[in-house]
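Residue numbers run from 1 in the order of the sequence given. Hydrogens, waters and symmetry mates are skipped; everything else that's a heavy atom, side chains included, is used.
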Amino acid sequence: MEAERTLRDEELAGLADLAAQLRVDSIRCSTQAGSGHPTSSLSAADLLAVLVARHLRYDWSYPGNRANDHLIFSKGHASPLLYAVFRATGAISEQELLECYRQSGSRLQGHPTPVLPWVDVATGSLGQGLPVGVGIALAGQYLDRVPFHVWVLCGDSETAEGSIWEALDKTGHFGLRNLTAIVDVNRFGQRGPTELEWDLDTYRRRVEAFGCHPIVVDGHDLAAIDEAFGRAREATGPTVVLARTVKGKGVPEIENRPDWHGKALEPDQAERAVQALGGVRKIRVTGPRPAAAPPAPAPAQERPELPRYEKGAKVATRNAYGDALRALGVRRDVVVLDGEVSDSTRSDKFGEAYPDRFFEMFIAEQQLIAAAVGLRVRGYRPFAATFAAFLSRAYDFIRMAGISRADIALAGSHAGVEIGPDGPSQMGLEDLAALRAVHGSTVLYPSDAVSCAALVAAMVDCSGVSYLRTTRGKYPVLYDNGDDFPIGGSKLVRDGTDVTLIGAGVTVHNCLAAAEELAREGIDARVVDLYSVKPIDRQRLLDAVRDTAGRLVVVEDHYPQGGLGSAVLEALADLAEPVRVSHLAVRGLPGSGTPTQQMDMAGIGPHAIVGAARALA
């Protein structure tokens, strides 16, 4: 049943009481913890009271209900308010709120994370909640076709983030009528006034320019808020509620003051504030319930038939990525996103076969990753691709996906100096280091089409953030169709006893060419394909140390910091026996040239490998 348009006096009084409780509890838990952001919570308390009591369709006893609305605190620092809401709905106890907030081992962390079943994604790095909401809304409107609504509480400070406008742009582009951003315009950021302060007219015009419908409201007028949320729910397009609020609202000592951001009230101040707000309450709110939950998508019955390649044929691994994606399309939970380079990443092969599950994010890499995370919230298995270098623009989103423990698969094409004449702006030379550093991540770098296809298939059920690095150029197929490529494994491509050449991706082929030259000199070189950079096959490395007298040459098309060489050295750091490692990597700033010229100039071509191996052996 839709919320009534006109609230009765007793309903308004009840909402005012609920808002006061949310304020009181925000103060109590942050004061007890000795830290937090109570003033950022107080400004939005009226908004949340109306939303939770009258518009958020949510079964708090069953957060897994697929018909539930989604509530995202993009301004994650206002966690006292979110946890106060959880207490008001009965999701957590008053004791947990007061005794556990921001405490060691507690699930009520300083910023929300999905360790709480009512939290979809980790927030706190500003500008991320709304972009993730776009992904959730895409799933609801285009895939699930379920009438849930996505409500995202944003702070006015975070509207300075470009990712907010990437999100609103895609919201307007896709016409996401099931998404409402609520902007808490309280005028103060961390160190003083925000860029626009209370200039609601400029906010309104900006929102309209991105194809969304703005609703300007007094954020402390309960009846006006209720009417605004009702309009947002029934709108035929995306909406943004611009709520003019006062930071610290309800507490005279700190209300509308610029020097209280991120500061908990001292106990005596908190006691006075609680009294000013009418004291402690024990209101239990039961908001509207969602409709009956639709069934979850049935798991795929059909096994993907991976592409097959002729041994020795030259195939780019980016092509194999596209072929494997298309094969995985038989699984209805696989969705693919791209950043307007799908003809290069080869994601377009999936898009041609399954256009209903392909989402073009254009050149908006932050939104690309965020939408993937949002789609995962709804149970899909997203693959997102762009050039390896451009993932750096979205690194904070990837980092936060790791904190959310989101199962998303990323692919970076055009990696390393191997791409040739385009020059360093297009060369991913930092990506392995960056992705290895993400919590719980998996980093893969296949050397041929067969291994690439197999690893793409493995990524679809991989936990956490997984990353596949693909190659632009075409290289010979090394392996037989059907060979196993377990994550955490490696391949012994060529055996030898004098020295071990270790590569991944394109450098495996350079190592093989070097091994042939070394054989002519009487040096027996072993070649190892470390296609799984993280987790790494430590046993294979230990075997190499033992069998080739600790002589290792590690070759990577990447800067020396944090990539394949670092992974190898970290794996062997506690080894008691001596190891001699020659680490070949891209140490200078590349320019333009052919792939062969680029690798030779970088010192990772066959000639340089031969020299390093000769010096060791």
Side-chain angles (χ1 to χ4, degrees), residues 44 48 51 56 58 60 63-66 68-79 81-83 85-86 91 107-141 143-144 148-155 158 161 163-164 166-168 170-171 176 178-182 333 335 337 359 361 364-384 394-410 438-441 462-466:
L48 265 295
L51 181 65
L56 183 74
Y58 201 94
W60 293 97
N65 187 336
R66 289 180 60 79
N68 280 341
D69 282 357
H70 291 264
L71 173 61
I72 301 175
F73 265 49
S74 195
K75 52 177 286 182
H77 55 285
S79 59
L81 175 59
L82 181 62
Y83 301 153
V85 166
F86 291 166
R107 61 181 184 167
L108 303 186
Q109 299 173 18
H111 294 77
T113 73
V115 69
L116 291 160
W118 313 279
V119 174
D120 289 323
V121 291
T123 55
S125 180
L126 293 176
Q128 298 209 16
L130 184 58
V132 171
V134 170
I136 298 173
L138 280 172
Q141 189 163 312
L143 301 175
D144 297 333
F148 65 77
H149 205 83
V150 184
W151 305 90
V152 183
L153 179 66
C154 301
E158 69 179 319
E161 291 280 8
S163 57
I164 290 291
E166 284 186 18
L168 290 177
K170 299 305 170 288
T171 299
L176 298 177
N178 58 349
L179 175 64
T180 298
I182 306 165
D333 60 342
V335 295
L337 308 94
F359 296 99
M361 290 293 116
E365 289 85 4
Q366 295 178 104
Q367 183 57 63
L368 173 76
I369 304 304
V373 173
L375 286 160
R376 180 58 194 152
V377 167
R378 293 298 300 178
Y380 292 94
R381 302 297 308 210
F383 283 77
Y395 186 68
D396 191 26
F397 283 76
I398 299 170
R399 180 185 71 88
M400 290 296 291
I403 295 172
S404 291
R405 301 178 185 180
D407 303 333
I408 62 172
L410 309 179
V438 171
H439 173 75
S441 65
C462 188
S463 297
V465 176
S466 56

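Taking 4.5 Å as the limit, every side-chain heavy atom of L82 sits out of range of all side-chain heavy atoms of L153. Between H77 and L126 the shortest side-chain heavy-atom distance falls below 4.5 Å. Between R399 and H439, every side-chain heavy-atom pair lies at or beyond the 4.5 Å cut-off.
Of all heavy-atom pairs spanning W118 and P63, the tightest one is CD1-CB, 3.8 Å. Nearest heavy-atom pair, Q109 versus Y83, reported as atom, atom and distance to 0.1 Å: O-OH, 2.8 Å. Here the closest heavy-atom approach between residue A167 and residue Q367 is recorded as CA-OE1, 3.1 Å.
Going from atom CD of E365 over to atom OG of S163 covers 12.5 Å, rounded to the nearest 0.5 Å. Distance check, rounded to the nearest 0.5 Å: OG1 of T171 to CD of E166 gives 11.5 Å. Taking CD1 of I182 as the start and CD1 of I72 as the end, the distance is 11.0 Å to the nearest 0.5 Å. Of the inter-residue distances, the one linking Y58 atom OH with N68 atom CG reads 5.0 Å to the nearest 0.5 angstrom. Interatomic distance, OG1 of T123 versus CD of E158, reported as 9.0 Å (0.5 Å rounding).
Ion pairing between a basic and an acidic side chain is recognised when a charged N comes within 4.0 Å of a carboxylate O; D407 and R376 show such pairing.
A donor-acceptor contact shorter than 3.5 Å is absent between the side chain of S74 and the backbone of C154. Side chain of T113 to backbone of A122: no donor-acceptor contact under 3.5 angstrom is found.
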